[in-house]
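Please read the structure below before turning to the comments.
Side chains are part of it too, since the values below use all heavy atoms of this structure and drop only hydrogens, waters and symmetry mates. It should be emphasised that the depicted structure is a prediction, and the values quoted were computed from it without experimental measurement.
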Amino acid sequence: MIVVAGESLIDLVPLRDGPGDGGPLPALLPRPGGGPYNTAMALGRLGARAAFCSRMSTDGFGEALLAGLRAAGVDTSLVARGPEPTTLAVAAVGADGSAGYGFYAEGSADRLFELPPALPTPARAVAFGTCSLVLEPGASAYERLLRREARRGLFTLLDPNVRPGLIPDPDAYRERFASWLPDVTLLKLSEDDARWLGGVPDGPRGPAAVVLTRGTRGLTVRTRGGTEVSVPAVPVTVADTIGAGDTVNAALLHALDSRGALSADGLAALDEPAWRELLGFAARAAAITCSRPGAEPPYADELRG
């Protein structure tokens, strides 16, 4: 089982070619979202055994988010519920399909996440990221979960997916981020993340591998052992980029699991052709997500052949 820990939310996405399109107040379409939620959904659609660990609202949005996970085959037994509202993220989509966000997260359900008991016995990996590692008091609980499971020997993936507007003290966050790295097996960063954080981390106490997403220029991996491999992006007509990085997370985890490589030693044993295949699979999955509006990751049968 691959566990994904973090927030779910509702993305309010501008409705193109709809009422108000081109005006100052375009119509907004509610879509399921949140980096960890999208990663869990993508894992389920790819056929991985996945579970979601979070706290979700009992409001209508929370019910819809939970139903989406179940429809994708994601285990929801680690989801706590609460009456607080679901977090909202208002997306602004640029001409190139890139998305920026404004968040409405004060007092929302996912912020009150508490450290759960031991994860299920089948758990072999746990993934973290985005708002859940910023917004307190839940952020400290997710941090404790990361450290606990890393020290139990689970494979850990971290995608900070930095949202500067949510971070009141950037220097304090950068220091906290650096403190997580000894407990991270695989780090995924976008180029924007890397610039904001001050570069791509390396060193003997850092992650076993770092995957850098470079937009239209593809993906690059750098391993602790000195391997560096890049693959190009897959050309596609971009609807928007919402969920693309989350799809990369899921595709990498699923492909590593299929190879029996969900460990630091497993990553170290991968040669350049293996990394090229893994990154190529992730690039193809992300391209499909980019080809349709909102976070709509692909199903396994869309990636066969």
Seminar exercise, completed: So CG of Leu270 and CG of Leu256: to nearest 0.5 Å the spacing works out to 6.5 Å
Exercise. What's the spacing between Arg148 CZ and Leu115 CG if we round to 0.5 Å?
Worked result: 4.5 Å
Problem set entry | Full working for side chain to side chain contact (heavy atoms under 4.5 Å, CB included) between Leu146 and Val126 | CA-CA 8 Å; Leu146 167 65; Val126 58; 5.8 Å; no
Exercise. Do Arg147 and Ser179 have side-chain N/O donor and acceptor atoms under 3.5 Å apart?
Worked result: yes
For this session: Flag the pair Asn161 / Ser190 as yes when at least one side-chain heavy-atom distance between them is below 4.5 Å, and no otherwise.
Result: no
For this session: Group every Ile, Leu, Val, Met, Phe, Trp and Tyr by side-chain heavy-atom contacts under 4.5 Å, then state whether Phe61 and Leu135 land in the same group.
Result: no
Exercise. Does the side chain of Pro160 reach to within under 4.5 Å of the side chain of Leu187, using non-hydrogen atoms?
Worked result: yes
Exercise. Do NZ/NE/NH1/NH2 and the carboxylate oxygens of Glu302 and Arg45 come within less than 4.0 Å?
Worked result: no
Problem set entry | Arg55 and Ser108 side chains, donor-acceptor separation under 3.5 Å | no
Exercise. If we only count heavy atoms from C-beta on, is the Pro116 to Cys53 side-chain gap below 4.5 Å?
Worked result: yes
Exercise. Given the rule that I, L, V, M, F, W and Y join up when any side-chain heavy atoms are under 4.5 Å apart, are Leu253 and Leu278 in one cluster?
Worked result: yes
Exercise. Atom CG of Leu28 and atom CG of Leu12: how far apart are they, to the nearest 0.5 Å?
Worked result: 5.5 Å
Problem set entry | Short N-O contact, Glu84 and Arg111, less than 4.0 angstrom | no
For this session: May I ask you to check whether over 12 heavy atoms, not counting those of Tyr104, lie within 6.0 Å of atom OH?
Result: no
Exercise. Is Val234 close to Ile288 at the side-chain level, that is, under 4.5 Å between some pair of heavy atoms?
Worked result: no
Exercise. At their closest point, which heavy atom of Pro36 faces which heavy atom of Gly129, and how far apart are they?
Worked result: CG-O, 3.6 Å
Exercise. With a 4.5 Å limit on heavy-atom distance, are the side chains of Pro137 and Leu112 in contact?
Worked result: yes
For this session: Would you indicate whether the side-chain heavy atoms of Val162 and Ile167 approach each other to under 4.5 Å?
Result: yes
Exercise. Taking it one step at a time, do Leu69 and Met41 satisfy side chain to side chain contact (heavy atoms under 4.5 Å, CB included)?
Worked result: CA-CA 6 Å; Leu69 291 169; Met41 287 288 292; 4.0 Å; yes
Exercise. Can you tell if the side chain of Leu78 reaches within under 4.5 Å of the side chain of Pro120, non-hydrogen atoms only?
Worked result: yes
Problem set entry | Ring geometry between Phe177 and Trp180 (parallel below 30°, tilted from 30 to 60°, perpendicular above 60°) | perpendicular
Exercise. When clusters are formed by joining ILVMFWY residues with side-chain heavy atoms under 4.5 Å apart, either directly or through shared neighbours, do Val74 and Met56 land in the same one?
Worked result: yes
Exercise. Under a single-linkage definition using a 4.5 Å side-chain heavy-atom cutoff for Ile, Leu, Val, Met, Phe, Trp and Tyr, are Phe128 and Val3 assigned to the same hydrophobic cluster?
Worked result: yes
Problem set entry | Straight-line distance of Leu43 CG to Arg49 CZ, nearest 0.5 Å | 13.0 Å
For this session: Look up atom OG1 in Thr227 and atom CZ in Arg222, then write down how far apart they are to the nearest 0.5 Å.
Result: 12.5 Å
For this session: May I have the step-by-step check of side chain to side chain contact (heavy atoms under 4.5 Å, CB included) for Leu267 and Thr223, ending in yes or no?
Result: CA-CA 8 Å; Leu267 293 185; Thr223 72; over 6 Å; no
Seminar exercise, completed: Note: Leu46 and Pro298 closest approach over all heavy atoms is CD2-O, 4.1 Å
Problem set entry | Other residues, nucleotides, ligands: >12 heavy atoms within 6.0 Å of Glu136 CD | yes
Problem set entry | Distance-only donor-acceptor check, side chains Asp265 and Ser263, under 3.5 Å | no
Problem set entry | Smallest separation among heavy atoms of Gly33 and Asp11, with atom names | CA-OD2, 3.7 Å
For this session: Take Thr87 and Cys131 through the side chain to side chain contact (heavy atoms under 4.5 Å, CB included) test and state the conclusion after the steps.
Result: CA-CA 10 Å; Thr87 298; Cys131 309; over 6 Å; no
Exercise. Linking I/L/V/M/F/W/Y whenever their side-chain heavy atoms sit closer than 4.5 Å, directly or via other members, would Leu219 and Leu189 fall into one cluster?
Worked result: no
Exercise. Trp196 ring centre to Arg174 NZ or CZ under 6.0 Å, with the angle to the axis within 45°?
Worked result: yes
Exercise. To the nearest 0.5 Å, how far apart are CZ in Arg151 and CG in Asp183?
Worked result: 4.5 Å
Exercise. Is Glu114 paired with Arg144 through a side-chain N to carboxylate O contact shorter than 4.0 Å?
Worked result: no
Problem set entry | Leu158 side chain near Leu133 side chain, heavy-atom distance below 4.5 Å | yes
